[in-house]
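Okay, so here's the structure we're looking at.
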Amino acid sequence: MKRLAILISGRGSNMEAILRARLPATVAAVISNEPGARGLEIARTYGIVTEVVPHRGYPDRGSFEQALAHAIDRHGADLVVLAGFMRVLTADFVARYRGRLVNIHPSLLPAFPGLHTHRRALEAGVRIHGCTVHFVTESLDHGPIIIQAAVPVLPEDDEARLAARVLAQEHRIYPQAIRWILEGRLRLSGEDRVEIEGARPPAQALCSPEVEG
Ligand code: GRF
């Protein structure tokens with residue numbers, strides 16, 4: 001069985017969705033840079049080993065990442081899953097785990113990389129928003145896209161309502177993406193495109209608002 005390390009910084013709802021998905025893998029550890037991350041408690045209720053690598057305890061980014069990498073490797077992780085992990089990772093760290101480091105981002109990348117994606121989507125007036133699971137590269141919130149989910153932006157939405165609608169989809173697509181990886185069904189074609197063996201194309205387009213007639 002492949003071994004996963006899940007990296008979190010806070011709430012841990014994506015982590016929990018992954019734990020609940022009963023993937024054909026061992027979750028070797030949940031690692032947080034924040035000692036108070038709520039996700040750590042949740043992980044323990046699932047009997048998962050947890051570890052804290054507190055970024056504030058290190059003089060610079062490089063030494064923090066060294067400690068983080070040691071923790072990941074000590075747990076024998078094959079795949080590193082960023083699930084609300086709020087530290088920017090350096091090119092060295094990314095290179096070390098190239099092809100086995102994945103992230104979820106709450107927007108339809110390449111739109112809205114970075115923070116406050118839901119607020120920015122509302123401000124931009126987009127009618128469709130969503131989330132993306134991708135392999136991690138040196139550039140922030142960029143990398144070969146594995147799966148995306150789109151949701152409509154509704155007239156009565158505020159940031160919280162839109163975030164909740166997107167989060168429900170995050171909880172569907174992240175376990176799915178990891179399952180495909182574990183099943184060995186992903187191939188990188190070219191620099192940026194991911195092919196997924198046997199994946200079904202979606203049945204129809206999402207129009208927001210609906211087309212009438
Ligand atoms: C999610 O919206 C995720 O896409 C983003 O940070 C948030 C983490 O939420 N990277 P949770 O900790 O998984 O509940």
Side-chain angles (χ1 to χ4, degrees), residues 4-23 25 27 29-46 48 50-55 68 72 79-90 93-94 97 101-124 126 128-153 157-181:
L4 311 184
I6 306 179
L7 273 52
I8 64 168
S9 297
R11 184 175 57 179
S13 72
N14 276 289
M15 173 210 73
E16 186 169 14
I18 293 163
L19 296 180
R20 292 173 76 101
R22 303 190 167 280
L23 297 170
V27 178
V30 167
I31 302 172
S32 174
N33 63 305
E34 290 287 358
R38 199 154 64 78
L40 289 170
E41 285 163 39
I42 299 172
R44 285 184 211 116
T45 68
Y46 285 80
I48 307 293
T50 61
E51 184 158 346
V52 176
V53 182
H55 64 279
L68 186 61
I72 291 168
L79 182 66
V80 181
V81 176
L82 305 180
F85 185 69
M86 300 303 284
R87 303 302 296 170
V88 173
L89 297 167
T90 64
F93 186 93
V94 171
Y97 296 104
L101 180 60
V102 289
N103 182 44
I104 188 154
H105 183 74
S107 79
L108 292 172
L109 289 174
F112 310 120
L115 296 174
H116 310 303
T117 55
H118 308 305
R119 188 191 313 164
R120 287 157 62 209
L122 288 170
E123 282 165 6
V126 298
I128 295 176
H129 183 44
C131 48
T132 303
V133 179
H134 65 99
F135 285 108
V136 176
T137 62
E138 300 72 35
S139 9
L140 182 70
D141 297 327
H142 178 269
I145 291 172
I146 302 169
I147 184 170
Q148 295 183 303
V151 302
V153 179
D157 273 348
D158 56 18
E159 218 177 313
R161 293 175 71 125
L162 182 55
R165 190 174 311 115
V166 171
L167 191 65
Q169 297 306 314
E170 295 186 37
H171 297 165
R172 295 178 63 216
I173 67 171
Y174 215 178
Q176 172 66 84
I178 296 167
R179 189 180 293 278
W180 282 328
I181 294 170

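For reference, positions follow the sequence shown, starting with 1. For ligands, and for the atoms within them, numbers begin at 1 and follow the listed sequence.
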For [atom], closest protein heavy-atom neighbour:
| atom | value |
| --- | --- |
| atom 9 (O) of ligand 1 | R11 NH2, 3.0 Å |
| atom 11 (P) of ligand 1 | S13 N, 3.4 Å |
| atom 5 (C) of ligand 1 | P106 CD, 3.9 Å |
| atom 6 (O) of ligand 1 | G84 CA, 3.6 Å |

>> Let's go through F93 and V136 carefully: what are the C-alpha distance in whole Å and the side-chain angles of both, what is the deciding distance for side-chain contact (heavy atoms from CB on, under 4.5 Å) to 0.1 Å, and is it a yes or a no?
In response: CA-CA 10 Å; F93 186 93; V136 176; over 6 Å; no
>> Which residue is it: I147, I146, T132, N14? I am looking for the one with a side-chain contact (heavy atoms from CB on, under 4.5 Å) to I173.
In response: I147
>> Working note: L108 + V126, criterion side-chain contact (heavy atoms from CB on, under 4.5 Å); need CA distance, chi angles, decisive distance, verdict.
In response: CA-CA 11 Å; L108 292 172; V126 298; over 6 Å; no
> Does G12 reach ligand 1 with a nitrogen or oxygen that is under 3.5 Å from one of the ligand's nitrogen or oxygen atoms?
Replying inline: yes
>> Using a plain distance cutoff, I'd like to know if I104 has any nitrogen or oxygen under 3.5 Å from a nitrogen or oxygen of ligand 1.
In response: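 Yes, there is a polar N/O contact under 3.5 Å.
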>> When you measure from the heavy atoms of C131 to every atom of ligand 1, does any distance fall below 4.0 Å?
In response: no
> How about H129 and H118: are their ring centres within less than 6.0 Å of each other?
Replying inline: yes
>> Between R179 and Q176, is the side chain to side chain donor-acceptor pair (under 3.5 Å) condition met? List the steps.
In response: CA-CA 5 Å; R179 189 180 293 278; Q176 172 66 84; 5.9 Å; no
>> I'd like to know if the side chain of R165 and the backbone of D157 have a donor-acceptor N/O pair within less than 3.5 Å.
In response: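 Checking the backbone N and O of D157 against the side chain of R165, no donor-acceptor pair under 3.5 Å is found.
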>> At under 4.0 Å between heavy atoms, is it the side chain or the backbone of E170 that contacts ligand 1, or both, or neither?
In response: side chain
